[in-house]
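In what follows, a structure is listed as structure tokens, so that the remarks can point back to it.
In what follows, chains carry the letters A, B, and so on, assigned in the order in which the sequence lines appear, proteins first and then strands, with residues in each chain numbered from 1.
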Amino acid sequence: MKKSFYVTTPIYYPSNKLHIGHSYTTVAADAIARYKRLRGYDVMFLTGTDEHGQKIERRALEEDKSPQEFVDSIVDWIKDLWATMDISYDKFIRTTDPEHKEIVAKIFKKLYDQDDIYKSEYEGLYCTPCESFFTEHQLVNGKCPDCGREVERVKEESYFFRLSKYQDRLIKHIEDNPEFLMPQTRQNEMLNNFLKVGLEDLCVSRTSFTWGVPVSFDEKHVVYVWLDALSNYITALGYMTDHDKDFKKYWPANVQLVGKEIVRFHAIIWPAILMALGEELPKQIFGHGWLIINGGKMSKSIGNVVDPSILVERYGSDAIRYFLLREVAFGQDGNFSNNALISRINSDLANDLGNLTSRTVAMIEKYFNGQITNKGHASPFDAHVKQTIKNNVELMEDSMEKLFFNNALEHIWNIIRRLNKYIDETTPWILAKDPENKEKLMGVLHTLVEGIRIVGIMIEPFMPTTPKKIFEQLGITSAKLTQWDSIHEFGLIKKISVQKGDNLFPRIDLEKELEALEAIQNPAKESEKEEEPSITIEDFSKVKLKIGEVISSEKVKKADKLLVSKIKIGSEIRTIVSGIAKFYSPEEFVGKKVVVVTNLAPVKLRGIISEGMILCAENDQGELVTIAPEKDIMSGSTIK
RNA sequence: GGCGGAAUAGCUCAGUUGGCUAGAGCACAUGGUUCAUACCCAUGGUGUCGGGGGUUCGACUCCCUCUUCCGCUACCA
């Protein structure tokens with residue numbers, strides 16, 4: 001029986017279209033899945049969508065659709081995207097699948113029956129778009145600190161999961177199994193920031209919306225995201241059903257890929273749920289890094305979100321997949337830029353691999369009418385070429401086991417470079433001038449074809465369509481010559497007839513293409529900007545603004561963003577705490593005239609009562625500058 | 001503030017447990033070549049391996065300290 005291998009991506013939230021970061025995770029999972037299949041494993045590759053929650057409910061309302069219609073349309077788009085990116089998932093789970101919902105309800109009931117879930121009360125300020133609760137202190141201007149929108153005071157009866165109960169077992173598991181959470185730096189973060197500080201029980205139900213899985217024994221509650229979304233990894237396998245053979249075969253998962261922003265949920269909450277269910281934990285959670293754009297993270301508000309479908313359409317799926325996995329070390333953050341993408345395509349794909357194939361096929365056509373056999377004579381350079389291939393095949397396989405995709409690709413390219421060099425060493429065009437050298441010439445071309453064949457197999461996990469094109473040009477049809485194990489043997493091709501086809505990867509004019517991309521990507525950004533609702537003059541006049549003068553200022557202890565200042569506003573002196581310590585030193589801050597919001601409700605920050613707010617301008621990078629009157633004017637002057 | 005990373009060639013980064021003249025790719029320059037997608041091959045770096053101390057026969061690699069950047073977290077009125 002084949003060994004099984006189970007790999008998952010997170011399930012994505014279809015409130016919007018996906019971006020290149022989602023593609024990154026999914027392409028990585030796909031490369032693992034394809035590689036394992038080639039190595040003879042029985043692979044289950046799961047991806048999907050997390051479709052419940054209040055945000056979806058509201059987004060659907062905005063578009064005048066039912067929640068189901070709304071998610072259906074986005075899910076169609078996502079499936080199309082995965083199709084164009086050659087994502088070979090075995091199963092696509094949707095949390096709206098009837099079976100998933102049934103199982104989630106069963107899980108909830110089971111945990112409740114065994115007292116891992118209990119009923120209590122939850123009160124907090126809730127931001128719907130962000131689906132987050134905040135404390136009073138976290139709010140900005142009484143609004144959501146993340147998106148700036150209104151929050152609602154929500155008090156609801158809720159069910160809680162006894163997360164705290166599993167704290168010690170979680171700590172032990174992470175400490176005893178260094179491979180469980182990778183890369184290692186994530187282990188420290190989880191242990192130090194959460195586990196050792198102490199876990200709080202987790203709210204796992206809601207009454208504030210209905211778009212979710214109902215709690216079977218208490219119909220006014222729906223299951224909140226944790227149990228619903230995380231359990232997809234086992235409900236997809238038929239867990240707790242009478243047809244659970246996939247669960248028996250594939251669980252525990254071998255690798256669960258997640259972005260580093262959700263490591264916490266997958267390394268703490270998810271294992272705790274599994275412990276409560278009495279199931280094994282996944283063998284590995286891998287928290288990969290982010291694609292960074294111009295030094296910052298991708299975000300809708302900055303408007304630098306990269307749409308993968310545009311890139312795939314222009315350069316092909318294989319090129320994008322190659323870039324994503326080659327450019328960035330998997331555990332770390334890496335830069336994404338159009339420039340880097342096109343440079344990679346040109347130098348690695350067009351110049352190295354594409355051109356190697358092209359020149360080899362062209363020579364066989366030119367010197368042998370397209371047909372060669374293995375009857376040629378070896379050149380003095382063959383031994384070294386074979387050794388290079390052997391070494392790099394081993395290194396590549398080793399890298400794949402560790403999920404070092406960029407190293408794996410580098411080793412493949414070492415072979416490609418060696419083959420290009422081999423052509424210069426053996427100078428076939430000179431051999432071709434003397435009929436005496438015909439066997440030597442054929443030997444050289446045969447070695448090249450063999451090398452390219454091996455490369456073609458090795459790139460398959462990363463670039464699923466290019467190998468077919470290569471084998472077609474080389475005239476390799478036998479399955480034996482294209483299966484993984486055949487890369488360990490050099491010289492398998494007996495006789496082939498080649499046929500030149502289109503260039504595998506056409507060279508791209510870097511400068512023209514950058515301009516063209518800019519033109520496509522930027523207008524798109526403009527149109528996506530959300531229109532801000534207008535306010536009335538009455539709304540505005542509610543805010544009382546006055547000129548103040550900073551008369552003293554010092555850093556707040558144990559907080560690196562905060563300055564506490566005494567501000568003179570007319571005859572009054574107020575204490576105000578501001579998050580500007582990174583941009584103004586206390587010394588330079590003293591004496592400045594600033595604009596103060598005087599009728600904000602006082603709030604306690606780091607133990608200090610702050611009586612107002614100093615207005616600042618903020619740029620894309622989050623840098624703050626205070627607003628000052630254009631001419632000198634008395635403190636206490638009102639602003640209107 | 002707590003915890004954890006990182007700082008190496010113009011750019012992006014490798015450098016496993018300390019050991020011969022510190023590497024790769026890209027970019028740039030020169031030469032070669034013409035089979036090939038103006039491509040390929042060769043050659044070219046006085047890099048203070050962030051600064052300063054220390055351990056050692058020997059440190060990019062270990063220890064201390066400082067600086068800067070980043071992540072998680074607290075916090076941003």
Side-chain angles (χ1 to χ4, degrees), chain A residues 137-143 145 183-194 196-197 260-261 263-264 287 289-290 292 295 297 326-329 331-335 337 339-340 343-344 346-367 406-407 410 413-414 417 419-432 441 444-445 448 500 502-508 555-563 576-583 596-606 608-616 618 622 624:
Chain A
H137 289 196
Q138 289 175 310
L139 299 185
V140 177
N141 292 334
K143 294 186 177 174
Q184 220 172 20
T185 161
R186 306 284 161 220
Q187 295 171 23
N188 300 327
E189 285 176 6
M190 291 306 122
L191 288 170
N192 294 326
N193 289 328
F194 304 104
K196 292 189 173 165
V197 176
K260 63 181 184 181
E261 74 283 3
V263 163
R264 182 176 165 185
W290 282 344
I292 300 296
K297 62 179 172 184
R326 173 65 187 89
E327 182 74 6
V328 180
Q332 296 163 24
D333 290 350
N335 297 304
S337 70
N339 195 324
S343 299
R344 277 281 174 205
N346 277 343
S347 64
D348 296 3
L349 299 181
N351 294 350
D352 291 350
L353 175 58
N355 186 47
L356 171 66
T357 309
S358 170
R359 64 200 301 211
T360 301
V361 172
M363 282 193 282
I364 295 173
E365 288 196 332
K366 193 164 176 177
Y367 303 141
N406 61 332
N407 289 346
E410 196 176 339
W413 256 254
N414 286 341
R417 290 203 190 86
L419 293 172
N420 270 321
K421 180 174 171 166
Y422 176 75
I423 297 179
D424 273 53
E425 290 168 338
T426 54
T427 58
W429 54 92
I430 292 176
L431 294 177
L441 179 58
V444 166
L445 294 172
L448 285 171
K500 191 133 172 56
D502 292 339
N503 289 335
L504 296 174
F505 299 95
R507 266 186 80 77
I508 299 166
K555 296 200 77 165
V556 176
K557 281 176 195 163
K558 294 192 175 184
D560 43 33
K561 290 185 182 174
L562 302 182
L563 286 187
I576 294 181
V577 180
S578 321
I580 51 172
K582 288 198 169 166
F583 312 103
V596 180
V597 184
T598 55
N599 60 340
L600 263 184
V603 136
K604 198 187 264 188
L605 285 171
R606 279 276 155 203
I608 302 165
I609 304 276
S610 181
E611 309 162 306
M613 165 169 152
I614 296 170
L615 291 193
C616 289
E618 179 177 18
L624 298 174

Write down the partner of [N] under the Watson-Crick or G-U wobble criteria, each distance required to be under 3.5 Å.
{"N": "B:U37", "answer": "none"}
{"N": "B:A29", "answer": "B:U43"}
{"N": "B:G19", "answer": "B:C57"}
{"N": "B:C49", "answer": "none"}
{"N": "B:C3", "answer": "B:G71"}

Practice task
Would you check if the side chain of A:Ser358 reaches a backbone N or O of A:Gly354 as a donor-acceptor pair within less than 3.5 Å?
Solution key: no

Rounded [atom1] spacing from [N] to [M] in Å:
{"N": "B:C13", "M": "B:G50", "atom1": "P", "value": "15 Å"}
{"N": "B:A14", "M": "B:A29", "atom1": "P", "value": "28 Å"}
{"N": "B:G4", "M": "B:G47", "atom1": "C1'", "value": "29 Å"}
{"N": "B:G10", "M": "B:G51", "atom1": "P", "value": "14 Å"}
{"N": "B:G44", "M": "B:G2", "atom1": "C1'", "value": "49 Å"}
{"N": "B:C57", "M": "B:U30", "atom1": "P", "value": "50 Å"}
{"N": "B:G19", "M": "B:U65", "atom1": "C1'", "value": "27 Å"}
{"N": "B:C49", "M": "B:C62", "atom1": "P", "value": "15 Å"}

For [X] and [N], what is the distance between atoms [atom1] and [atom2] respectively, to the nearest whole Å?
{"X": "A:Ile292", "N": "B:C69", "atom1": "CD1", "atom2": "C1'", "result": "13 Å"}
{"X": "A:Arg326", "N": "B:A24", "atom1": "CZ", "atom2": "P", "result": "14 Å"}
{"X": "A:Arg264", "N": "B:G4", "atom1": "CZ", "atom2": "P", "result": "18 Å"}
{"X": "A:Arg417", "N": "B:C40", "atom1": "CZ", "atom2": "P", "result": "10 Å"}
{"X": "A:Glu261", "N": "B:U73", "atom1": "CD", "atom2": "C1'", "result": "16 Å"}
{"X": "A:Gln187", "N": "B:G4", "atom1": "CD", "atom2": "C1'", "result": "12 Å"}
{"X": "A:Glu425", "N": "B:C40", "atom1": "CD", "atom2": "P", "result": "16 Å"}
{"X": "A:Glu327", "N": "B:A14", "atom1": "CD", "atom2": "P", "result": "12 Å"}

Problem - side-chain contact (heavy atoms from CB on, under 4.5 Å) assessment of A:Ile364 paired with A:Leu448 - result: CA-CA 10 Å; A:Ile364 295 173; A:Leu448 285 171; over 6 Å; no

Problem - Where protein sits on nucleotides 30-38 of chain B, one letter per nucleotide: B base, S sugar-phosphate only, - none, heavy atoms under 4.0 Å - result: --BSSBBB-

Problem - By salt bridge (charged side-chain N to carboxylate O under 4.0 Å, His left out) - contacts of A:Lys260 (at least two apart) - result: A:Asp333

Problem - Partners passing ring-ring contact (aromatic ring centres under 6.0 Å, His included) against A:Trp413 (at least two apart in sequence or in another chain) - result: A:Tyr322

Practice task
Quick one: label A:Asp333 by what it contacts on the DNA or RNA (base, sugar-phosphate, nothing), any heavy atom closer than 4.0 Å.
Solution key: nothing

Problem - A:Met613 and A:Ser578: CA distance, side-chain angles, deciding distance, side-chain contact (heavy atoms from CB on, under 4.5 Å) verdict - result: CA-CA 7 Å; A:Met613 165 169 152; A:Ser578 321; over 6 Å; no

Handout entry: Under 4.0 angstrom between A:Lys260 side-chain N/O and B:C72 OP1 or OP2
Key = no

Problem - Earlier contact from the 5' end, RNA chain B, for A:Ser578 and A:Asp348 - result: A:Asp348

Fill in the blank from the handout: Output for pair (A:Leu504 CG, A:Leu353 CG), nearest 0.5 Å, gives 6.0 Å

Practice task
Starting at CG of A:Asp352, measure out to CZ of A:Arg417 and round the result to the nearest 0.5 Å.
Solution key: 5.5 Å

Practice task
Compare all side-chain heavy atoms of A:Ile423 with those of A:Trp429 and state whether any distance is below 4.5 angstrom.
Solution key: yes

Fill in the blank from the handout: Among the nucleotides B:G71, B:U12, B:C40, whichever has the atom closest to the side chain of A:Arg186 is B:G71

